[in-house]
Amino acid sequence: MSRDTSQRRLQISELVRQNGSVQVTDLSDRFGVSAQTIRKDLRYLSERGVMARAYGGAIDSHVVGPSSGEPTYEAKRGKHPTQKQQIGHCAAKLVTPGSTIVIDSGTTGIALAEALPNIDVTVVTNDFGVLAAVAPKTNIRLLMLGGELRRKNMAFYGGLTVEALDALHVDLLFLGVDGFDLERGITTHYEPEALLNRKMVEAARRVVAITDSSKFGRVCLHRIIPVNGLDTLITDHDAPAELRASIEALGVELLLA
């Protein structure tokens with residue numbers, strides 16, 4: 001490897017460390033080399049664990065973590081249970097009789113499903129845990145999105161799952177969160193989940209993110225939507241004051257459970 005290449009890669013590493021992410025086009029302009037050369041640099045660095053590749057660039061591996069770093073279903077269930085329960089109860093208050101809602105996969109979504117009153121609403125979900133929580137509530141109509149079961153988080157994904165949303169228009173989407181960053185948006189570990197979530201957003205009149213504050217500042221590989229694509233965010237009181245102000249400045253309603 002030439003000295004110029006070595007120096008450029010060292011500088012790219014430092015830029016990622018400082019900024020959290022880099023873009024191919026920006027690096028190409030900065031160093032005066034082709035996009036193909038920059039992609040080779042990013043591939044080289046990602047193979048050595050310096051960063052993780054993302055669409056159009058790369059993200060600091062210490063921020064995003066490898067896909068194998070996604071917590072297990074059991075681990076997620078055991079984290080921040082009180083906050084998730086409080087968020088679930090707060091979210092349930094937004095649901096009115098006669099409405100149709102989508103509950104995204106995730107343990108906070110399950111907490112919402114458990115908190116839902118047994119009233120005349122329609123719940124659409126791809127999550128096995130949400131199904132189990134809602135099934136005994138006989139006044140709730142339940143639509144399960146089919147597809148292939150991903151056992152890592154006990155939810156269904158794939159082309160069949162996405163296609164099932166094509167004919168649906170819903171009042172509320174309760175969107176679970178793996179990563180929440182003001183600049184990089186709402187992100188997830190699993191690409192098929194990002195694709196499905198974007199379809200859910202298209203189908204919904206109102207998009208409500210439900211997440212405990214541990215997800216703030218975390219970035220995963222696959223972006224769902226920017227933060228200003230939300231209508232409402234429900235989180236706990238540990239959310240930093242500066243983040244609260246930034247959320248509201250974007251025009252997103254903030255509810256603290």
Side-chain angles (χ1 to χ4, degrees), residues 20-21 23 52-60 63-65 67 69-71 76 79-80 83-84 87-88 90-91 94 101-112 124-127 130 145 150 152-153 155 157 161-162 165 170 172-236 238-240 242-257:
S21 66
Q23 293 293 312
R53 291 299 307 276
Y55 181 78
I59 297 173
D60 185 352
V63 175
V64 66
S67 59
E70 180 183 357
K76 288 180 180 179
K79 287 184 177 180
H80 312 292
Q83 291 93 328
K84 290 174 182 177
I87 292 166
C90 183
L94 300 181
I101 67 172
V102 175
I103 302 180
D104 179 30
S105 62
T107 51
T108 309
I110 295 172
L112 163 58
V124 181
T125 190
N126 66 314
D127 188 280
V130 172
L145 300 174
R150 184 182 187 234
K152 189 153 192 173
N153 66 336
Y157 300 99
T161 324
V162 173
L165 283 164
V170 301
L172 279 169
L173 163 61
F174 292 99
L175 182 65
V177 169
D178 285 329
F180 189 109
D181 183 86
L182 287 172
E183 293 183 2
R184 300 175 187 91
I186 314 299
T187 55
T188 183
H189 295 280
Y190 187 50
E191 185 175 17
E193 182 170 21
L195 294 172
L196 178 62
N197 287 163
R198 286 195 288 270
K199 193 72 174 180
M200 290 175 171
V201 169
E202 290 176 9
R205 184 174 55 84
R206 181 180 178 188
V207 180
V208 181
I210 49 175
T211 180
D212 65 82
S213 57
S214 70
K215 307 295 178 60
F216 297 140
R218 184 181 300 175
V219 181
C220 304
L221 273 176
H222 304 288
R223 191 185 194 198
I224 302 169
I225 56 171
V227 173
N228 62 8
L230 299 174
D231 295 293
T232 304
L233 168 65
I234 304 177
T235 188
D236 57 71
D238 290 332
E242 61 273 18
L243 181 89
R244 300 184 197 183
S246 297
I247 291 293
E248 292 177 330
L250 289 171
V252 177
E253 179 187 28
L254 177 65
L255 300 178
L256 299 177

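Hydrogens, waters and symmetry mates play no part in the numbers below; they use all other heavy atoms, side chains included.
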Minimum-distance pair of heavy atoms, taken over all atoms of His222 and Glu191: CD2-N, 3.4 Å

Minimum-distance pair of heavy atoms, taken over all atoms of Gly229 and Val207: O-CB, 4.2 Å

Show me the side-chain donor-acceptor pairs of residues 245-257 shorter than 3.5 Å, one per line, residues at least two apart or across chains.
{"unit_1": "Ser246", "atom_1": "OG", "unit_2": "Glu242", "atom_2": "O", "d": "3.0"}
{"unit_1": "Glu253", "atom_1": "OE1", "unit_2": "Arg206", "atom_2": "NH2", "d": "2.9"}
{"unit_1": "Glu253", "atom_1": "OE1", "unit_2": "Thr232", "atom_2": "OG1", "d": "2.8"}

Qualifying residues under side-chain hydrogen bond (donor to acceptor under 3.5 Å, both in side chains), relative to Lys215, sequence neighbours excluded: none

Any donor-acceptor pair under 3.5 Å from Arg244 side chain to Ala239 backbone: yes

Residue list, side-chain hydrogen bond (donor to acceptor under 3.5 Å, both in side chains) with Thr235, at least two apart or on another chain: none

Side chain proximity check, Asp104 to Asn126, heavy atoms < 4.5 angstrom: yes

Audit row: Leu230, Ile186, side-chain contact (heavy atoms from CB on, under 4.5 Å) steps and yes/no: CA-CA 9 Å; Leu230 299 174; Ile186 314 299; 4.1 Å; yes

Any donor-acceptor pair under 3.5 Å from Arg218 side chain to Thr187 backbone: no

Flag for Ser214-Asp212: side-chain donor and acceptor within less than 3.5 Å: yes

Within-4.5 Å side-chain heavy-atom neighbours: Ile103 and Asp127: no

Student check: side-chain heavy atoms of Thr211 and Leu233 closer than 4.5 Å: yes

From CG (Leu196) to CG (Leu165), nearest 0.5 Å: 6.0 Å

Candidate list Val102, Ile101, Thr108, Ile87, test side-chain contact (heavy atoms from CB on, under 4.5 Å), partner Phe174, passing option: Ile101

Closest approach of Asp231 to Arg205 (non-hydrogen atoms, all atoms of both residues): OD2-O, 4.1 Å

Heavy-atom closest pair, residues Asn153 and Ser105: ND2-OG, 3.9 Å

side-chain contact (heavy atoms from CB on, under 4.5 Å) assessment of Val219 paired with Glu183: CA-CA 10 Å; Val219 181; Glu183 293 183 2; over 6 Å; no

Nearest-0.5 Å distance that lies between atom CZ in Arg198 and atom CD1 in Ile225: 10.0 Å

Arg223 side chain vs Arg184 backbone, donor-acceptor pair below 3.5 Å: yes

For the student: nearest non-hydrogen atoms of Asp178 and Cys220, plus distance: CB-SG, 3.7 Å

Pairwise distance CG(Asn197) to OH(Tyr157) - rounded to 0.5 angstrom: 7.0 Å

Pairwise distance NZ(Lys84) to CG(Asp236) - rounded to 0.5 angstrom: 11.0 Å

Distance-minimising heavy-atom pair for Ile234 and Ala91: CD1-CA, 3.6 Å

Leu145 side chain reached by Lys199 side chain, heavy atoms, under 4.5 Å: no

Separation of Glu193 CD from Arg150 CZ (nearest 0.5 Å): 7.0 Å

Straight-line distance of Asp238 CG to Leu243 CG, nearest 0.5 Å: 12.0 Å

